[in-house]
Number of protein chains: 2
Amino acid sequence: MFSKACEYGIKAVIHISLQSQTGKRVSLKEISGAIDSPLAFTAKILQSLAKSNIIESSKGSVGGYHIPEDVQSKLTLYEIVIAIDGDNIFERCGLGLRQCNETSPCPIHSKFKIIRENLIDMMKKTNLLELAISVDKGESVLVI
Amino acid sequence: MFSKACEYGIKAVIHISLQSQTGKRVSLKEISGAIDSPLAFTAKILQSLAKSNIIESSKGSVGGYHIPEDVQSKLTLYEIVIAIDGDNIFERCGLGLRQCNETSPCPIHSKFKIIRENLIDMMKKTNLLELAISVDKGESVLVI
DNA sequence: TCTTAATTGGACAAAATTATCCGATTTAGG
DNA sequence: CCTAAATCGGATAATTTTGTCCAATTAAGA
């Protein structure tokens with residue numbers, strides 16, 4: 001469904017969120033350890049997330065990544081996924097037709113549309129803060 | 001969502017289905033022309049679909065592929081996708097956790113589960129015959 | 001000012017997916 | 001028997017995704 005990059009990205013962002021709530025900045029090393037992802041690859045993902053202003057990064061000896069608390073409750077899963085994988089999974093025709101639409105639909109168009117709308121709806125309604133809270137409470141986990 | 005191989009596979013199977021209704025066998029060349037897919041790659045996909053008994057193939061000068069009519073109404077999208085892509089999209093954790101389940105779920109587990117159940121349900125309910133009929137009626141298309 | 005610890009950016013490598021090529025095999029029909 | 005037209009199977013190539021390496025840059029603090 002999501003790319004590996006996106007999976008790592010979502011987990012990373014949740015972990016950063018979690019730590020940001022205590023005011024801490026988190027380093028790449030800590031993140032990649034916490035979410036069990038390849039360090040250098042994770043660096044690339046965080047780099048691009050920083051560029052698209054999903055997370056804030058600061059260089060230097062006490063640098064790291066963080067996400068302001070007020071942003072956490074506004075940032076949705078939808079936006080995070082778009083930032084990493086683009087809108088392909090939300091837009092692309094299920095059978096790969098270049099111009100699949102209502103007037104000239106692929107055979108699974110309408111059925112697919114329903115599923116996809118549910119997915120989009122769910123992702124737009126899910127914000128980062130609630131994901132972080134669920135991990136914080138121990139209701140869900142980021143590894144194994 | 002689906003791999004390219006799967007997209008081609010689904011379209012191919014629909015086209016074969018369509019032609020099988022008039023008793024015709026279809027050749028690889030015709031299929032790849034009809035669905036606008038790379039010929040040699042399509043050959044590989046059809047080969048594997050034949051091995052998993054989704055379609056029937058026959059060699060020789062008047063050979064080709066076909067799907068018996070009684071099979072068409074029984075064969076679901078779910079089975080076709082499984083045959084090509086495996087059950088990954090139906091089973092794999094949304095965040096890639098190796099053992100994500102009710103007792104130790106990833107942060108999006110429950111929300112994802114609902115979407116996925118809808119998807120599985122839809123695909124199990126969609127049979128090949130109805131897809132072929134919709135193309136036959138001109139209600140949907142396999143190209144552009 | 002120097003050291004240390006952090007991100008950044010570019011080049012590169014490995015793996016997976018997608019795609020191609022070609023010879024072998026099969027089968028119908030002249 | 002021979003030819004034509006089809007699938008099969010194996011090797012290989014191209015592309016994309018995933019992952020690594022290393023030097024450059026930044027910033028705090030002793």
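Here is how names work: the chains are called A, B, and so on, in the same order as the sequence lines, proteins then strands, and each is numbered from 1.
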Let me know the distance between [atom1] of [X] and [atom2] of [N], rounded to the nearest Å.
{"X": "Tyr65(A)", "N": "dA5(C)", "atom1": "OH", "atom2": "P", "result": "17 Å"}
{"X": "Glu56(A)", "N": "dT7(C)", "atom1": "CD", "atom2": "C1'", "result": "14 Å"}
{"X": "Leu39(B)", "N": "dC8(D)", "atom1": "CG", "atom2": "P", "result": "13 Å"}
{"X": "Ile45(A)", "N": "dT8(C)", "atom1": "CD1", "atom2": "C1'", "result": "15 Å"}
{"X": "Lys11(A)", "N": "dT18(D)", "atom1": "NZ", "atom2": "P", "result": "13 Å"}

Any donor and acceptor pair, going by atom type alone, linking the side chain of Ser52(A) with main-chain N or O of Ser48(A) inside 3.5 Å?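 It does hold such a pair.
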Using modelled atom types only, decide if a donor and an acceptor are shared between the side chain of Glu130(B) and the backbone of Asn127(B) within a distance under 3.5 Å. yes
List in chain and number order the residues that pass salt bridge (Lys or Arg N to Asp or Glu O under 4.0 Å) with Glu91(A), two or more places apart in sequence or in another chain; answer none if no residue qualifies.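 Listed in chain order: nothing, the list is empty.
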Residues in salt bridge (Lys or Arg N to Asp or Glu O under 4.0 Å) contact with Asp87(A), at least two apart in sequence or another chain: none
Check: Ser3(A)/Asp85(A) side-chain N/O donor and acceptor closer than 3.5 Å: yes
Will you find, in the side chains of Lys125(B) and Thr76(B), an N or O donor that is under 3.5 Å from an N or O acceptor? no
Axis bend over the full length of the helix from dT1(C)-dA30(D) to dG30(C)-dC1(D), computed from five pairs that close each end, to 10 degrees: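 Terminal axis comparison yields 10°.
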Counting primed atoms plus P, OP1 and OP2 as sugar-phosphate and everything else as base, spell out the protein contacts along nucleotides 9-18 of chain C at 4.0 Å heavy-atom distance: B, S or - for each nucleotide, 5' to 3'. BBB------S
Contact state string [nucleotides 23-30 of chain C, B base, S sugar-phosphate only, - no protein heavy atom under 4.0 Å]: --BBBS--
Are Tyr8(A) and Leu97(B) connected in a single hydrophobic cluster, I mean Ile/Leu/Val/Met/Phe/Trp/Tyr linked by side-chain heavy atoms less than 4.5 Å apart?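 No, Leu97(B) does not connect to Tyr8(A) through the hydrophobic network.
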Treating Ile, Leu, Val, Met, Phe, Trp and Tyr as nodes and any side-chain heavy-atom pair under 4.5 angstrom as an edge, say whether Ile55(B) and Leu142(B) lie in one connected cluster.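 Linked within one cluster.
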Quick check on the 6.0 Å ring-centre criterion: do Phe2(B) and Phe112(A) meet it? yes
[X] [atom1] to [Y] [atom2] distance, which is reported to the nearest 0.5 Å:
{"X": "Ile120(A)", "Y": "Lys113(A)", "atom1": "CD1", "atom2": "NZ", "answer": "10.0 Å"}
{"X": "Lys111(B)", "Y": "Asn118(A)", "atom1": "NZ", "atom2": "CG", "answer": "13.5 Å"}
{"X": "Lys11(B)", "Y": "Leu131(B)", "atom1": "NZ", "atom2": "CG", "answer": "13.5 Å"}
{"X": "Leu39(B)", "Y": "Ile31(B)", "atom1": "CG", "atom2": "CD1", "answer": "9.5 Å"}

Tell me whether the OP1 or OP2 atom of dT8(C) has a side-chain N or O from Ser57(A) closer than 4.0 Å. yes
Contacts to DNA chain C from residues 27-37 of chain A, heavy-atom cutoff under 4.0 Å, which residues? Ser27(A), Leu28(A)
